[in-house]
Enquirer: 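I am attaching a structure below and will ask some questions about it afterwards.
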Amino acid sequence: MGPTSMKWNRVALSSALAVMGALVAALPAMATPASFDSSFGFDSAGLGALPTGQFSGDLLDAGAPGTSLNLAVELSNSTDICILASGSSTCQATTAGIGGAYSVLVTIGVSVLDQSIDGPFTLMLTSTAGISGYEKNEVQVELNPTAPAGLNTGAVPGFSFDGSFDPFVRVEDVTFLASSGVTYDYIGWTVTDGDSVSFRYEVLTAPNGRAAPQLTANAITAVVPEPGTALLMGLGLAGLAAGGRRLPSA
């Protein structure tokens, strides 16, 4: 094998490794569900493979209609949830009769009320709402959720689900990094006005008379690339790197 052939084999190998690296970086995390951090936001463990963006600044309030907050983003249908007892494929509207762990499917519509948001933005989950009486270690959000085969949603007429879930992105809040060395992690979605998002979370304990936990949400005007976009960006960068190697030397 001559020097020229060896050179191009090295180029091909480098390009292949670059593409493989881009694919791995763009795939969503497959291992553990996202667990709430003991202080605020989510534990960074398990979030490393999600597309990631950073921001520093204020959060925009988001929530259900009729709340007392001055909402920037309104989340409709967020209380029409499908509650599934462990192993069940039939939705319940309440936790009545559930004696162990269970899961919740949620689909929420996104309406922008703050006119300063005129394009895509990132909607993110921030914590469990204290009014539900759940500790953070009782709730996990599924990063790669599935819907049970033969899902029956008839008992929750307001619940809307098209059979698919929306891919998560990771948001790193570096607001306090300089002063405290702390970066808070969140998960959410890149959305625009009129979108809807579906996700699933697990409750690891029995309700014991409690309603299903409600998750609080906020928004930021920063846009975190969706997984498909991150993949295309990665492949594009890999292509540029390979193309650069093919330029003839001067």
Enquirer: Which distance, rounded to the nearest 0.5 Å, do you find between the OG of Ser44 and the OH of Tyr184?
Expert: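 If we round to the nearest 0.5 Å, Ser44:OG and Tyr184:OH are 13.0 Å apart.
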Enquirer: Between Val197 and Val191, is the side chain to side chain contact (heavy atoms under 4.5 Å, CB included) condition met? List the steps.
Expert: CA-CA 8 Å; Val197 291; Val191 296; 3.7 Å; yes
Enquirer: Donor-acceptor pairs under 3.5 angstrom involving side-chain atoms of residues 100-119: please list them, not counting sequence neighbours.
Expert:
from, atom 1, to, atom 2, distance (Å)
Tyr102, OH, Tyr134, OH, 2.7
Ser103, OG, Arg200, NH2, 3.1
Thr107, OG1, Ser160, O, 2.6
Thr107, OG1, Ser198, OG, 2.6
Asp114, OD1, Ser116, N, 2.9
Asp114, OD1, Ser116, OG, 2.6
Asp114, OD2, Ser116, OG, 3.3

Enquirer: Are Phe165 and Leu125 in one and the same hydrophobic cluster, where Ile, Leu, Val, Met, Phe, Trp and Tyr link if side-chain heavy atoms are under 4.5 Å apart?
Expert: no
Enquirer: Search all heavy atoms of Leu204 against all heavy atoms of Asn137 and return the closest pair with its distance.
Expert: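 Heavy atoms of Leu204 and Asn137 come nearest at CD1-O, 3.8 Å.
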Enquirer: Output every pair passing disulfide (SG to SG under 2.5 Å) with a member in residues 34-67, not counting sequence neighbours, ordered by first then second residue.
Expert: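 Found none.
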Enquirer: Do you know which two heavy atoms are closest between Leu123 and Ala217, and how far apart they sit?
Expert: CD1-CB, 4.3 Å
Enquirer: Indicate if Val171 and Leu59 have the same hydrophobic cluster label, given that clusters are the connected sets of ILVMFWY residues with side-chain heavy-atom separations under 4.5 angstrom.
Expert: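 Val171 and Leu59: one cluster.
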Enquirer: Considering non-hydrogen atoms only, spot the tightest contact between Tyr186 and Gly41 and give its length.
Expert: CE2-CA, 3.6 Å
Enquirer: Is Thr128 reaching over with its side chain to a backbone N or O of Leu215, donor-acceptor style, under 3.5 angstrom?
Expert: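 Not a single qualifying donor-acceptor pair exists.
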Enquirer: Under the salt bridge (Lys or Arg N to Asp or Glu O under 4.0 Å) test, which residues partner Glu142, sequence neighbours left out?
Expert: none
Enquirer: Got a sec, which residues hit side-chain contact (heavy atoms from CB on, under 4.5 Å) with Ser88, two or more places apart in sequence or on another chain?
Expert: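 By the side-chain contact (heavy atoms from CB on, under 4.5 Å) rule, Ser88 matches Ala85, Thr90.
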Enquirer: Run the ring pair (Phe, Tyr, Trp, His ring centres under 6.0 Å) test against Phe55 and tell me which residues pass, sequence neighbours left out.
Expert: none
Enquirer: Extract all donor-acceptor atom pairs below 3.5 Å that involve side chains of residues 145-158 and protein atoms in other chains or at least two apart in sequence.
Expert:
from, atom 1, to, atom 2, distance (Å)
Asn152, OD1, Gly154, N, 2.9

Enquirer: Of the non-hydrogen atoms in Val139 and Pro213, which two are nearest, and what is the gap between them?
Expert: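 Heavy atoms of Val139 and Pro213 come nearest at CG2-CG, 3.9 Å.
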Enquirer: Can you name the nearest heavy-atom pair linking Thr67 to Ala64, along with the distance?
Expert: CG2-O, 3.0 Å
Enquirer: Does Val174 have any side-chain contact (heavy atoms from CB on, under 4.5 Å) partners at least two apart in sequence or in another chain, and if so, which?
Expert: Gln54, Ser56, Leu177, Thr183
Enquirer: Between Val141 and Ile187, is any pair of side-chain heavy atoms under 4.5 Å apart?
Expert: yes
Enquirer: Indicate the atoms forming the closest heavy-atom contact of Met124 with Ile220, along with that distance.
Expert: CE-CG2, 4.0 Å
Enquirer: I need the full list of salt bridge (Lys or Arg N to Asp or Glu O under 4.0 Å) pairs touching residues 171-194, with sequence neighbours left out, sorted by first then second residue.
Expert: Arg170-Glu172, Arg170-Asp185
Enquirer: When you measure from the side chain of Thr52 to the backbone of Leu50, do you find a donor-acceptor pair of N or O atoms at a distance under 3.5 Å?
Expert: yes
Enquirer: For the atom pair OG1 (Thr190) and CG (Asp195), what is the distance rounded to the nearest 0.5 Å?
Expert: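 Nearest 0.5 Å value for the OG1-CG distance: 10.0 Å.
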Enquirer: Using the test ring pair (Phe, Tyr, Trp, His ring centres under 6.0 Å), find all partners of Phe42 that sit at least two apart in sequence or belong to another chain.
Expert: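 By the ring pair (Phe, Tyr, Trp, His ring centres under 6.0 Å) rule, Phe42 matches Phe36.
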Enquirer: Would you indicate whether the side-chain heavy atoms of Thr122 and Val169 approach each other to under 4.5 Å?
Expert: yes
Enquirer: Considering only heavy atoms from C-beta outward, does the side chain of Leu143 approach that of Leu47 to under 4.5 Å?
Expert: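 Yes, close enough: below the 4.5 Å cut-off.
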Enquirer: Got a second to check how far Ser35's OG is from Glu202's CD, nearest 0.5 Å?
Expert: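 If I round to the nearest 0.5 Å, the distance is 11.0 Å.
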Enquirer: If you group Ile, Leu, Val, Met, Phe, Trp and Tyr by side-chain heavy-atom gaps below 4.5 Å, do Leu71 and Val73 land in one group?
Expert: no
Enquirer: Report the residues that fulfil side-chain contact (heavy atoms from CB on, under 4.5 Å) with Ser179, sequence neighbours left out, ordered by chain and then residue number.
Expert: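 With neighbours one apart ignored, the set is Phe176.
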Enquirer: For Asp58, does the CG atom have more than 12 heavy-atom neighbours from other residues, nucleotides or ligands under 6.0 Å away?
Expert: no
Enquirer: Counting only pairs under 3.5 Å, give me each side-chain donor-acceptor contact of residues 74-84, with atom names and distances, residues two or more places apart or in other chains.
Expert:
from, atom 1, to, atom 2, distance (Å)
Ser78, OG, Leu75, O, 3.3

Enquirer: Can you list every pair that meets ring-ring contact (aromatic ring centres under 6.0 Å, His included) and has a residue in residues 189-217, with sequence neighbours left out?
Expert: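 For residues 189-217, and leaving out neighbouring residues, the ring-ring contact (aromatic ring centres under 6.0 Å, His included) pairs sorted by first residue read Phe168-Trp189, Trp189-Phe199.
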